[in-house]
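Quick notes on the structure that follows.
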Number of protein chains: 2
Amino acid sequence: MTITLKDIAKISGVSAATVSRVLSDDPRISGATREKVLARIRESGYRVNDIARSLKTRRTNTIGFIAPLLAEEFFMTVAQGVEDELRAQGFHMLIASSKEDPRIECECIELMTRRWVDGLILIPCAGDGSRLARLAKSRVPLVLVDRLLKGFRADAVVVDNAQGTRRAVARLMERGITRVGFIGASRKISTARDRYRGYVQAHRDHGIALDPAIVKFGDFHQESGYGLMRELAAMKRPAGGVFIANHYMYLGAAQYLLESGNIYRHDYAIINFDEMSATPVIRLAKLTVSQPSREIGAGAARMILGRVRGERTGPPETLTLGTGLVAHDDAYSLNSMINKPGA
Amino acid sequence: MTITLKDIAKISGVSAATVSRVLSDDPRISGATREKVLARIRESGYRVNDIARSLKTRRTNTIGFIAPLLAEEFFMTVAQGVEDELRAQGFHMLIASSKEDPRIECECIELMTRRWVDGLILIPCAGDGSRLARLAKSRVPLVLVDRLLKGFRADAVVVDNAQGTRRAVARLMERGITRVGFIGASRKISTARDRYRGYVQAHRDHGIALDPAIVKFGDFHQESGYGLMRELAAMKRPAGGVFIANHYMYLGAAQYLLESGNIYRHDYAIINFDEMSATPVIRLAKLTVSQPSREIGAGAARMILGRVRGERTGPPETLTLGTGLVAHDDAYSLNSMINKPGA
DNA sequence: ATTTATTATGCAATCGATTGCATAACCGGC
DNA sequence: GCCGGTTATGCAATCGATTGCATAATAAAT
């Protein structure tokens with residue numbers, strides 16, 4: 001038999017209303033009563049039933065977080081940022097993954113709203129915003145993170161993917177590497193699209209013609225990076241550099257270069273997007289575009305809480321964070337190392 | 001104005017009880033009524049209020065999951081396994097991270113039980129089980145994952161860390177490498193303890209004296225692996241091999257070996273624990289002990305659901321999964337590669 | 001001493017479902 | 001036409017809180 005607020009009322013000799021007010025620090029309660037009730041609460045080990053409370057207040061102090069996958073470092077670093085910020089403000093996080101499948105995503109949203117999350121933070125999968133129309137009309141605030149959706153305005157936190165890419169590719173060009181390959185993902189995803197856009201812009205900026213033969217699109221995963229790097233390496237006229245659009249494609253590409261031994265024959269100037277725990281160990285890239293992943297999460301959390309608390313009510317806002325650019329002058333250049341002692 | 005079950009009752013010309021029974025597929029409801037009510041539900045876009053339902057049924061269909069950190073691949077692969085299994089069975093996942101701090105962990109547990117999670121899956125942080133005594137006495141089922149706690153029996157899913165380590169170290173010894181260093185973590189954590197135990201056993205099995213000078217304890221993180229590898233490398237009499245107790249320490253150790261250039265001077269036979277997405281790219285290890293992380297998660301989910309549904313009631317059970325052992329005969333051996341063309 | 005203002009507390013409705021028990025409706029059997 | 005037996009549905013209590021409104025108690029004012 002769990003102890004309820006009513007029990008506390010009884011043993012304290014007051015009404016349930018009074019106990020409830022003590023719990024919510026209502027200033028109308030006298031100091032004496034407050035102390036007495038608090039003492040009984042402490043003795044009895046009473047704990048509020050948040051479910052009952054939520055039913056009445058229509059707030060759950062819970063924010064839903066949906067990412068394409070759980071086991072990806074970028075998404076989970078964002079999640080950590082969200083969680084830290086939420087916890088600091090007394091909120092919980094209900095989490096789910098969509099597997100990059102819009103149908104599963106919809107299902108997750110449906111289930112979360114049924115559980116009355118106060119707000120939803122979503123890293124959406126590919127596609128447009130039409131599937132979110134219903135959600136948008138509901139009372140549940142939404143913040144899009146990392147990726148935007150065509151034809152859908154909502155609060156959002158993103159980084160400037162085009163600018164980050166453009167700057168990195170430009171840097172390579174300024175060092176005289178003009179033939180830069182591209183390993184990206186489906187342009188149905190805004191980040192993939194924007195990174196491609198930045199790549200194109202860099203070419204335009206430098207008046208360099210873009211060779212479509214060395215532009216490859218995959219799906220942001222390791223196998224894809226592996227396969228595309230192989231295609232690139234198989235070209236008769238190899239690229240001098242390669243831009244690789246995310247961490248996992250970089251892992252795959254690196255794996256190919258190492259396994260095939262290609263790395264001992266050709267020295268690609270690699271740019272990779274995302275700085276993760278393994279990045280300093282792989283060291284094949286000359287340039288790394290980094291994202292403030294935790295800050296993205298923290299920003300999204302602050303944004304959603306602003307809506308939830310009604311502190312912010314106007315039209316959707318977008319928070320755009322900048323990317324970093326790290327040069328690895330100590331990057332491997334295995335072939336030169338190997339050749340140095342030898343030749 | 002949200003539509004409630006009562007509204008559906010009214011427009012269908014039946015009582016709320018009947019609608020509720022339709023919703024739960026009660027066989028006593030006649031086909032005609034069922035169809036009529038379902039039609040009204042569909043037209044109106046009615047959706048049950050899970051909060052109200054939970055208040056009455058005392059079940060939330062939600063399982064809490066607490067891990068030391070969110071942004072670690074192992075934990076999140078487990079989480080993905082948990083989530084997939086839970087979703088397949090109609091359950092949600094409330095997630096939180098303890099930051100390896102028992103106080104935060106307790107707080108998370110407290111908050112989750114206040115939200116009436118039906119069960120709790122916990123990857124605990126260091127320390128003993130006393131802090132969980134209260135939880136254990138409550139009605140909330142608990143499954144410990146990955147790590148066990150001294151003096152605390154509960155359902156659990158773990159891998160055989162000692163055995164996995166022992167076999168790997170033994171393999172190295174059989175290849176003639178008898179001086180094997182150890183880079184591990186605090187023995188307050190059961191996995192760290194067990195991996196050390198396996199390392200010791202391998203020595204005993206082979207009648208090899210263990211040199212405490214090359215046994216180092218850190219904290220499972222990258223910086224720690226980096227620092228300990230440096231210590232090991234600084235020894236006058238270097239080890240022939242090194243066992244590194246988890247992925248992040250391996251990353252750190254690898255980073256040190258690469259940055260310091262040590263890798264070009266000495267060829268450590270490395271064993272690393274955990275096979276992660278970056279593992280095939282790093283390729284410094286000769287042997288990798290792998291864990292079935294998703295299966296751990298899925299197993300934990302099944303275990304907790306068994307308790308939640310009351311299908312399983314007896315004393316605590318432990319599910320112990322085996323580890324894999326992968327040999328990388330193509331592992332880097334950079335120094336030999338460099339020397340081959342040269343010398 | 002009576003009225004007015006102020007402060008502290010209680011009453012009772014409410015949030016939106018579920019469910020044990022009662023009952024109405026219908027069936028065939030005699 | 002009455003009765004026991006199903007079958008389908010409704011009544012009303014309940015889960016554990018919150019909160020607007022009423023009121024009791026006390027203090028202040030006249």
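Side chains are part of it too, since the values below use all heavy atoms of this structure and drop only hydrogens, waters and symmetry mates. Since the model is a prediction, treat every value here as computed from it, not as a measurement. All chains are named by letter (A, B, ...) in the order of the sequence lines, taking the proteins before the strands, and each is independently numbered beginning at 1.
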### Query
Quick one: do the A/S130 and A/D128 side chains pair a donor with an acceptor below 3.5 Å?
yes
### Query
Does the side chain of B/S15 get closer than 4.0 angstrom to OP1 or OP2 of D/dG10 through an N or O atom?
yes
#### Entry: Rounded interatomic separation in angstrom, taking CZ from A/R59 and P from C/dT14
23 Å
### Message
Between P on D/dT18 and CG on A/N61, what's the gap in Å once rounded to a whole number?
### Response
12 Å
## Note on the structure
Among D/dG16, C/dG16, C/dA8, the one nearest any side-chain atom of B/A52 is C/dG16
### Where protein sits on nucleotides 19-28 of chain C, one letter per nucleotide: B base, S sugar-phosphate only, - none, heavy atoms under 4.0 Å
BBB-------
### Query
Which atom names give the shortest non-hydrogen contact between B/A300 and B/V145, and what distance separates them?
CB-CG2, 3.5 Å
### Nearest-Å distance for atom pair CD1/C1', residues A/I8 and D/dT18
17 Å
### Query
Does A/R103 CZ have over 12 foreign heavy atoms under 6.0 Å away?
no
### Message
Taking any heavy-atom pair under 4.0 Å as a contact, classify B/V14: base, sugar-phosphate, or nothing.
### Response
sugar-phosphate
#### Entry: Interatomic distance, B/K6 NZ vs D/dA13 P [rounded to whole Å]
13 Å
### Query
Can any side-chain N or O of B/S186 pair as donor or acceptor with the backbone N or O of B/K188 at less than 3.5 Å?
yes
### Interatomic distance, B/W116 CH2 vs D/dG16 P [rounded to whole Å]
7 Å
### Task
Determine whether more than 12 heavy atoms belonging to other residues, nucleotides or ligands lie under 6.0 Å from atom CZ of B/R47.
yes
### A/D118 (side chain) donor-acceptor with A/R59 (main chain) under 3.5 angstrom
no
#### Entry: Side-chain donor or acceptor of A/E105 paired with backbone N/O of A/C125 under 3.5 Å
yes
#### Entry: Most 5' of B/P27 and B/R58 on DNA chain D, judged by nearest nucleotide
B/P27
### Summary
From CZ of B/R115 across to P of D/dC15 the rounded distance in Å is 20 Å
### Query
Between the side chain of B/S44 and the main-chain N/O of B/I41, is any donor-acceptor distance below 3.5 Å?
yes
### Message
Is it the case that the side chain of A/T60 and the backbone of A/W116 share a donor-acceptor pair, with hydrogens and angles ignored and the cut-off at 3.5 Å?
### Response
yes
#### Entry: Whether A/D101 side chain and A/S98 backbone form a donor-acceptor pair below 3.5 Å
no
### Query
CZ of A/R114 versus P of C/dA17: gap in Å, rounded?
10 Å
#### Entry: Whole angstrom value for the distance that separates C1' of C/dG16 from CG of B/L23
12 Å
### Task
Would you classify A/L55 as touching base, sugar-phosphate or nothing, given that sugar-phosphate means primed atoms plus P, OP1 and OP2, and contacts are heavy atoms under 4.0 Å?
base
### Query
Hey, which of these two, A/R53 or B/S30, hits DNA chain D nearer its 5' end, going by closest nucleotide?
B/S30
### Task
Can you sort out which residues in residues 31-46 of chain B have a heavy atom within less than 4.0 Å of DNA chain D? Ascending by number, please.
B/T33
### Message
So, OP1 or OP2 of D/dG16: does either fall under 4.0 Å of a side-chain N or O from A/T2?
### Response
yes
